[in-house]
Structure formats: structure tokens, C-alpha cells
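A short write-up of the structure that comes next.
By convention in this document, chain letters (A, B, ...) are assigned in the order of the sequence lines, proteins followed by strands, and residues within each chain are numbered from 1. Keep in mind that what you see is a predicted model, and the values were worked out from it rather than measured.
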Protein chains: 2
Amino acid sequence: MGDTDDRLGYDMAFQSESASMYHFHVADDHPLFRNAILEVIKRHYPDSVVGQSMDLDSAIRDLEKNDETDLLLLDLHMPGSQDLFGLIMVREKFPSIPVAIISADEDADTINRAMGHGACGYIPKSCSPQTIYDAIHTMLNGDRWVPDELHNSLTPVDSEEKDLAAKIATLTPQQYRVLCYLREGWLNKQIGYELGITEATIKAHITAIFRKLGITNRTQAVIMLSKMSLKDDVVS
Amino acid sequence: MGDTDDRLGYDMAFQSESASMYHFHVADDHPLFRNAILEVIKRHYPDSVVGQSMDLDSAIRDLEKNDETDLLLLDLHMPGSQDLFGLIMVREKFPSIPVAIISADEDADTINRAMGHGACGYIPKSCSPQTIYDAIHTMLNGDRWVPDELHNSLTPVDSEEKDLAAKIATLTPQQYRVLCYLREGWLNKQIGYELGITEATIKAHITAIFRKLGITNRTQAVIMLSKMSLKDDVVS
DNA sequence: GTCTATGTTCTACTAAAGTCGTATGGCATG
DNA sequence: CATGCCATACGACTTTAGTAGAACATAGAC
């Protein structure tokens, strides 16, 4: 399986596939599909390093340790990463790391918006291993990849949605966590218990969130975020 | 009642339709399109009576006076009738009156759900006068009408959405009005001012709404309703 | 007519939300 | 190492949200 180079180059173009040691991270809370991805990676990039996580926080911690990750494969729906928000946060924190979305949701609008928010690819979970490999290979070369039928139909994302994404991206990690619970209709007291801090602190975070989003109460926050939500997935 | 002429031609204007006197109501806050509909009706059903309104409350008042209305043409988006909620309320209050949705929104999912919530037809605003006539004619005969391309692809509405619609339908008119403002992120004080009653009364209504919807606070209400919202229309 | 049932309205109360000021610790810059 | 910046955390206060209970009106039912 070839020799490996410790000193990984910054430029993928130099590296032939067999000789390259890539650094992947697979973030998906669904074990079956995570394994499917791992199979593909191990088969085609046996010398690569693969981080794994089941929620957004773990993924971010791992990326912080490995800031040279070559490709993040991110599920659209896992704890802390509903809809496009996880993608937005990761793109903000690690602009240089390419992010491929993997999701059961094959809706054209969803794929289009994921790409518009900075994903370098979108892999529907129904794809064959061969297709998954094609996609990963393409993205490691610095190109974008979407399912064939959408190749020529990508359109720019609504500017209002872009604005909102930019505001979300300014939230601190803790603020973002609080917002995730707020969005689900939790009370401040409940959020505080969940995060292990007092209700007073939750309120402080929430006030800060409102300022950043340009709103004045939680109801408006939910309204604002719901405008950015995607179609519901099919429960599999 | 009923029309006896099934022969449709391009200049059929004065055939046996002229002998029947239908009762229409056109509810649309966009004057241009309201007039377009009126043109079609006056041309093909010159003896008919046509009520008009620019918001849901006026429409309902008119329907109460004319409980034998043969067809209500309802815009999806006007004051008091965002998304499918207006349709749901009207179908609950007047189950015997056929409702045709007219809207600029031509999304298949939107059309499908409107039909699933009891509309007898869906007329995209891009339709020609001739097509509008075809649609109205079909619906007056008791048949349903949707754009050709969707004729065979209507699917049942999600049961959860049906449940929610049933709950919404139990709201009193005033409760529904309050809910419309709540949904937009207004404060109780503001809603009270708008409706000309005290904040205390708004609160009482809101508590009643929560009970009917099976929730405990306004944030959950917004979340619940947002699951039922449609794709945003293009602003024309 | 009386008697229910229901919608609307309100007062008085409790609970939750939201703001302000402040303190601490990490971390980068000069 | 001193300084400033910022994320995080908390307590005290004010404002808004939400509940309980009752008064009043109206429409049917008996």
C-alpha cells in the first residue's frame, strides 16, 4: 500500500492517490452509514487517518486538533447540527476545511442550499460505494461534487438566508448550543439544567444572541430560524 | 343547481351558462388578479353574484350572509390567511362551500397540501383566462381541478399535519386572529392594541389556544405552526 | 320564559423571560 | 507583565408571559 509521507503537503495536486495519506473526519450519528463511509475510505485510502464523531461538538473538537483535515463528511442531522446550521458553523470556524454533506435527504432545494452555504459536495445516503468514492475523490482534488442530475441546476442562495447564516456564524459555541435548545421550545431553566449552568447565564447568552440576530425575543428567534429550515427528512 | 353545458369552446361566452346564476366570492388582496378573476366570471357567468374581500375576516362575514355560495376563490396569502390556515378555517366554518385556492405559488407540494386540506381546486396565478374558466367550470360541476401536470400525482397529506389542522379548526375567530399575530412574533401588548382589547384578554385567549393545541407556551406554538408553513412565495 | 353552553372580556396573581452590571479566566498584543 | 479583548458565568432587578377565576353577553335547548 505504498509509502507514506509524514510531512503531508498542502497541495493535493502533487499527490497520487496511492501515496497520499489523507486526513478525514466522518461526523454522523447513524452507525450504519458511518461504517459504510469508513469502508469506502479504508478501501481506497488505506493509509489515511479517519476521525469520527456523533455530534457537532465532538466533530469541532477533533477538527481543532487536526486543522489539516482534508475532508469533513458531515451529516445534516445530528445533535447540535440540525439543518444547515452545523455546516454554517463549521465553515465559519474552519474555512479551509472542505465539507461534504451526507444526508438521506435528496431534495433538490436542500442540496442546492447546502452547496450555497459552502459545502464542497453533497452525497445522498442512497449512493453506491462506488459513487461515494467518486465523490470523495473529486472533492479531494479540490472540485465540487453533487449528484449528476443536479450538476447544471445549482442556483445562488437567497440573500436573506445568506444574511442570517452570517449572523449565526458570529455566535460563540455556547451561544449556539443555547440557541439549539431555544429553537426546540425549551425553557431557560431546562436549558440551564441540560448545560449544567444557571438559568441566569442562559438568559445572558440569550440576550447576546438576540443582539447578534437583531431581534428582541425568543419567539422571533424561532420564526427567523424556521425560515431557514429544510424539508423534513423521511424517517428511515 | 348546476350547469348543463359540457361543450367548451374558445368563444362560448353566451351559452347555457348565462342561464345559471351562480354565487361567487373572490378573496384576494391583490387588486390586479382579483379583477382578472372578475373578468372571467362576468364574461362566462354574467348573471352571477360576486362578493369580494381583501382579508379573511371580510370573506367570512360575506359567506355567513350568503351560505349558498357556489364557489369561494381564496388567495393563499392575505391578511388573516397565511399559508393553509385560511383554507382550514373556511373549510371548518363552511364545509359545504367549495373552495378554490388561487396563488402565485406553483410549488407541487403546496398544491398537493392545499388539495389535501379540502380545496376543490388550485389555480396558479400564471394561468390564462381560458384556463381559469376551465377550472371554475369544472369545480362548479362538483369536480376537482388542478394544473394538468399534477393531475395524477396528488398524494395524501401527512397525518401529523392533519391533526394540527383539526386543532386549528377548533379555534374561535378571535383566538385565530390572536394566533396570527403571535405567529409573527408580536408581544401580547401589541396584539391587544391592534385588536382594540386589553393585554389581559389577549393572555386569556392565548392560554385557551395553548390548551387546544396541546402546548404550554408561545415558542412551541411558533414551532408547531412553522411545521405547517409553505415555501415562501416569490414576491411579485 | 329559564337554563345551559360558549365566546369574550377583565382583575389579580404566579412564573418565565429578558436586561444590566459585574467578575473571572484565557489569550493574544505590545 | 501589563493591557485589552472576549467568552463565560452569575445575581438583582424589570418586563412580559401565562393561569385562575369570575362577570357579562349571546344563542340554542327545553
Side-chain angles (χ1 to χ4, degrees), chain A residues 56-57 60-61 64-65 67 80 89 92-93 167-225, chain B residues 56-57 60-61 64-65 67 80 89 92-93 167-225:
Chain A
L56 189 69
D57 277 343
I60 288 177
R61 270 195 299 276
E64 275 166 349
K65 283 183 225 147
D67 57 342
M89 292 301 281
E92 170 71 17
K93 269 183 110 60
K167 288 174 185 169
I168 301 261
T170 68
L171 298 179
T172 69
Q174 191 76 321
Q175 284 166 4
Y176 176 71
R177 269 174 229 124
V178 171
L179 184 59
C180 287
Y181 290 109
L182 189 160
R183 184 168 177 244
E184 306 287 333
W186 292 37
L187 301 179
N188 291 339
K189 196 182 294 187
Q190 296 173 316
I191 301 173
Y193 182 79
E194 186 74 14
L195 295 181
I197 53 184
T198 66
E199 186 185 350
T201 307
I202 300 299
K203 290 178 181 176
H205 284 309
I206 286 183
T207 298
I209 293 169
F210 292 165
R211 263 202 257 275
K212 286 183 178 177
L213 298 185
I215 55 182
T216 59
N217 62 55
R218 63 173 62 222
T219 307
Q220 291 169 2
V222 173
I223 294 168
M224 202 170 191
L225 296 185
Chain B
L56 189 69
D57 278 343
I60 287 176
R61 272 195 298 275
E64 276 166 348
K65 283 183 223 146
D67 57 344
M89 292 301 281
E92 169 71 17
K93 269 184 110 61
K167 288 174 184 169
I168 301 257
T170 68
L171 298 179
T172 69
Q174 191 76 322
Q175 285 167 1
Y176 177 72
R177 269 174 229 123
V178 171
L179 183 59
C180 287
Y181 290 109
L182 188 160
R183 188 170 174 240
E184 304 288 330
W186 291 38
L187 301 179
N188 291 338
K189 197 183 292 189
Q190 296 173 315
I191 301 173
Y193 181 80
E194 187 74 13
L195 294 180
I197 52 186
T198 66
E199 186 185 350
T201 307
I202 300 299
K203 290 178 180 176
H205 284 309
I206 285 183
T207 298
I209 292 169
F210 292 166
R211 264 203 256 276
K212 287 183 178 178
L213 297 186
I215 55 181
T216 58
N217 62 54
R218 62 177 57 220
T219 307
Q220 291 168 2
V222 172
I223 294 169
M224 200 169 193
L225 297 185

Protein-nucleotide distance ([X], atom [atom1]; [N], atom [atom2]), rounded to Å:
| X | N | atom1 | atom2 | answer |
| --- | --- | --- | --- | --- |
| B:R177 | C:dT8 | CZ | P | 7 Å |
| B:I191 | D:dT16 | CD1 | P | 13 Å |
| B:L171 | C:dT8 | CG | C1' | 15 Å |
| B:H205 | C:dT6 | NE2 | P | 16 Å |
| A:Q220 | D:dA17 | CD | P | 10 Å |

Sort out for me which residue in B:L187, B:N188, B:I206, B:I202 forms a side chain to side chain contact (heavy atoms under 4.5 Å, CB included) with B:L182. B:I206
Identify the heavy atoms of [X] and [Y] that sit nearest to each other, and give their distance.
| X | Y | result |
| --- | --- | --- |
| A:K93 | A:E64 | CE-OE2, 3.6 Å |
| B:I223 | A:R183 | CD1-O, 3.1 Å |
| A:F210 | A:R218 | CZ-N, 3.2 Å |
| B:Q175 | B:A208 | NE2-CB, 3.4 Å |
| B:K167 | B:M224 | NZ-CE, 4.1 Å |

Please confirm whether the shortest side-chain N or O distance from A:Q174 to OP1 or OP2 of D:dA9 is below 4.0 Å. yes
In B/S/- notation, 5' to 3', how is nucleotides 10-22 of chain C contacted by protein heavy atoms closer than 4.0 Å? BB----SBBBS--
